[in-house]
Amino acid sequence: MAERKSGKRFIAWAAVAGVIGGAVFLATAELFALLFARAASPLLAVGGFVIDIVPQPFKEFAIATFGEYDKIALLAGLGLAVIIASAISGILQYLRPPLGVIALVIAGVLSTAAIVTRAGVTPLAFLPPVLGTIAGSIILVLLSRRLRAWRASIVVDRKGEDSAKDNAKDSAGIEAADGEAARTGFDRRRFFILAAISGASAIVVGITARAVSMAVASVESIRSALKLPAPRTSVTVPAGAELDIKGLSPLFTPNKDFYRVDTALTVPTIDPETWRLVIDGMVDQRVEMTFQDILDMGLDEYAITLTCVSNEVGGELVGNAMWLGVPLRDVLKKAGVKSGADMVLSRSVDGYTASTPLSALVDDERDAILAVAMNGEPLPLEHGFPVRMVVPGLYGYVSATKWLTELKVTTFADDEAYWTPRGYSAEAPIKFSSRLDTPSIGEAVPAGRIPIAGVAWAQSVGIERVEVRIDDGEWMPVTTSTPINDDTWVQWFMEWDATPGTHYVAVRAINKNGDLQIEERAPIAPNGSSGWQRSLIRVT
Ligand SMILES: Nc1nc2c(c(=O)[nH]1)N[C@H]1C(S)=C(S)[C@@H](COP(=O)(O)O)O[C@H]1N2
Ligand SMILES: [Mo]
C-alpha cells in the first residue's frame, strides 16, 4: 500500500521534472532568440504555424468565441498543451528512459521547423530552438536520474528497516538503516535543489527575455511608422566620390553592415513620445527637450565617418553614414553655457557616459550633431534610436553617445566618463588612418593587372594623399575618390601588375595639414591604435 502511494508520488515528481525541462527549453530558446534571432521564439513560431494550418471554419469559431482575445486564447491553449506534453515527457523519461528526451527532441525539431520555415528568418534562427532542446534535455535527464536515485534509496532504506527488525540486536543493521535514511534525504535534496534552481531560473530568464523581445518589437514598430521631416539642406555627393571596385567598402556603409560597439546587453527600447533630453550642469537654465523639439529645430544632412577607438590597424570598426540632425552648438545655446566649463558629459538611458571637450561641440567649424536618422531612416535601435550624438574627429567612446538622455555641462576636473577609469583617455581625437580592402589578406589573387583599393579617413582635417608600397619598393601616390567633405573617408585605388609569389602591400595616408600617418605601432588603449597596415598578398 505504502509502496503504491510513494510510486504515485514519484510519478507526480516526474511530471514536475518534465515541466521544468520544458520550461528550461523555452527559456533558453527565448534568451538566445533575443540575442541572435528575434523571430526565433519557439512558442510564437509554433503559434504562428497553428494559425496558418488551422482550417478557416475553426479560425472563425475562435474569433467568434474569443473575439480580439483569439490570439491570447491560442497562446494560452498552446501553453497548456506544452505543460501537459512536458509532464508526459517527464513521466516517460522516469519510467522508460530515454523516451522523455526523445519526445523533447521531437518537439525541438518540430519547433525548429516551424521557425526556419517562417518568412524573413535570419540564418541563425535555428540556434535558439536547438540550444533550447539541448538545455531542456540535459535538465530532464539530470532531474530524472536524481528522482530515480531518490526512489532507489527509499527501496534500499525499507530493506534496511526490515533487516533491522529481524535482527533487533544486530547493531550493525541499525547503523546501516540510519545510513540509508541519510542517503534518502541526500538524494531527495539533490533532486529538489536542481528542480528549484532550474525551475526558478527558467521562469526568470524566460519571462525577462520575452518581455524584452516584446518591448523591442513594439519600439521597432513605432520606429518604422515614424515619419521624419524632410531635411532643410542636403549634402551633395560629388561626381567621382564613389569608386566601383569589387571588394572595396562602399562610400556609405549600409546600416545592416555598420559596426556596432556598446556596453548594452540588450538594446535600449525608447518610445520617442516619452523621450526627453535634459541639458543641465553649468548652464544658465536647465532645459528639457522633446523629440518633437529636436525635429522643430529643422534637420540638416551631414556626412560623417564614425571610428571606434578599438579599431585595430586594418580593422572593421569604422563606417560612414549620412546623418540627419541638428547642431549641438544650437542645442547647448538653448541652455546657455557658463564660463569655466570645458566638457560635456553625455549620458545614455542605460547609464553609459562620454566626455566630450566643450570646444568640439561649440566650434562653428565642426559639425557636432544630435542625429535622429542614419542613411535615410530613423536611427536603427542598435545605433541609438531615437537620438544620438555624432562628432567628427573624435573616437566614438568620447563623443557618439547612443540613446542619449542628458547633456551635463561640466569640467574634466569634476566629472569622469564610463571609459576613463577603465584605462582609456578622457580626450581622444581620432588618429587618422588608412585601410586596405582588396585584395583581402589570405585570399590568393591571379597574376596580372588587379586593383589594390581601400579607404582612408582624417575626420575634421581631410585626407590629402594616400600612398602604397609594394614589397620594398618606393611609396607611390594612388588615386583617391573625390571627398564628400573632410569628415568622411575617401576611397583609394591603384592598378597593380601582380607577379606570382607573395608580396607585401603597405598603405599610409597624409592629411591636409601635411602630417604623415603615424608609423609607430600602438595598441588601442589608451587612445587608439596607430601604425601602417602591411598585408601579405598571395599571387598565383
Ligand atoms: N549608450 C552608448 N553609446 C555609445 C557606446 C556605448 O557603449 N553606449 N559606445 C560608443 C562607442 S565606443 C562607439 S565606437 C560608438 C559606436 O557607434 P555604433 O555602434 O553606432 O557604430 O558608439 C558610442 N556610443
Ligand atoms: Mo568605440
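For ligands, and for the atoms within them, numbers begin at 1 and follow the listed sequence.
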**Student:** Please state which part of Y418 comes within less than 4.0 Å of ligand 1, counting heavy atoms only: side chain, backbone, both or neither.
**Tutor:**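 For Y418, there is no contact with ligand 1 at all, from either part.
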**Student:** Can you check whether S348 has an N/O within less than 3.5 Å of an N/O in ligand 1?
**Tutor:**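 Between S348 and ligand 1 (N or O atoms, distance only) the closest approach is under 3.5 Å.
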**Student:** Quick test: of every protein heavy atom, which one is nearest to atom 12 (S) of ligand 1, and how far off is it to 0.1 Å?
**Tutor:**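 That would be Y397 CB, 3.5 Å.
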**Student:** Determine yes or no for a side-chain-to-main-chain donor-acceptor pair under 3.5 angstrom, with W275 supplying the side chain and T405 the backbone.
**Tutor:**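 Pair absent, no side-chain N/O of W275 close to backbone of T405.
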**Student:** Give yes or no for whether the N/O distance cutoff of 3.5 Å, strictly under, is met between K402 and ligand 1.
**Tutor:**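 By distance alone, the answer is yes.
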**Student:** Just let me know how L317 lines up against ligand 1, side chain, backbone, both or neither, with a heavy-atom cut-off below 4.0 Å.
**Tutor:**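 No part of L317 is near ligand 1 at this cut-off.
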**Student:** Consider every N or O of V309 and every N or O of ligand 1, then say whether any pair is closer than 3.5 Å.
**Tutor:**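 Min N/O separation from ligand 1 is not below 3.5 Å for V309.
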**Student:** For ligand 1 and R388, I'd like to know whether there is a polar contact (N/O to N/O, distance under 3.5 Å).
**Tutor:**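 Right, the criterion is met.
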**Student:** Does ligand 1 come near enough to E382 that some N or O of the ligand is less than 3.5 Å from an N or O of the residue?
**Tutor:**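 For ligand 1, there is no N or O atom that lies under 3.5 Å from one belonging to E382.
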**Student:** Please confirm whether A400 comes under 4.0 Å of ligand 1, counting heavy atoms of the residue only.
**Tutor:**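 Flag set, A400 near ligand 1.
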**Student:** Answer yes when R223 and E377 have at least one side-chain N-carboxylate O distance shorter than 4.0 Å, and no when they do not.
**Tutor:**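 Answer for the salt bridge query: yes.
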**Student:** Does ligand 1 have an atom that lies less than 4.0 angstrom from a heavy atom of M374?
**Tutor:**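 It does not; every heavy atom stays at 4.0 Å or beyond.
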**Student:** Do any nitrogen or oxygen atoms of W403 lie less than 3.5 angstrom from nitrogen or oxygen atoms of ligand 1?
**Tutor:**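 Between W403 and ligand 1, no N or O pair is found under 3.5 Å apart.
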**Student:** Would you check whether C308 has a nitrogen or oxygen atom less than 3.5 angstrom from a nitrogen or oxygen atom of ligand 1?
**Tutor:**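 By distance alone, the answer is no.
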**Student:** Tell me, yes or no, whether the heavy-atom count around R469 atom CZ, taken from other residues, nucleotides or ligands under 6.0 Å, exceeds 12.
**Tutor:**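 Correct, the count exceeds 12.
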**Student:** Between Y259 and ligand 1, does any nitrogen or oxygen pair lie at a separation below 3.5 Å?
**Tutor:**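 Between Y259 and ligand 1 (N or O atoms, distance only) the closest approach is under 3.5 Å.
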**Student:** What part of Y352, side chain, backbone, both or neither, has a heavy atom within less than 4.0 angstrom of ligand 1?
**Tutor:**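 It is the side chain that touches ligand 1; the backbone stays farther off.
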**Student:** Between Q517 and S434, do the side chains contain a donor N or O and an acceptor N or O under 3.5 Å apart?
**Tutor:**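 Note: S434 and Q517 side chains meet the donor-acceptor criterion.
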**Student:** Looking at atom 6 (C) of ligand 1, what's its closest protein heavy atom, distance included?
**Tutor:**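 Nearest neighbour among protein heavy atoms for atom 6 (C) of ligand 1, to 0.1 Å: D262 CB, 3.3 Å.
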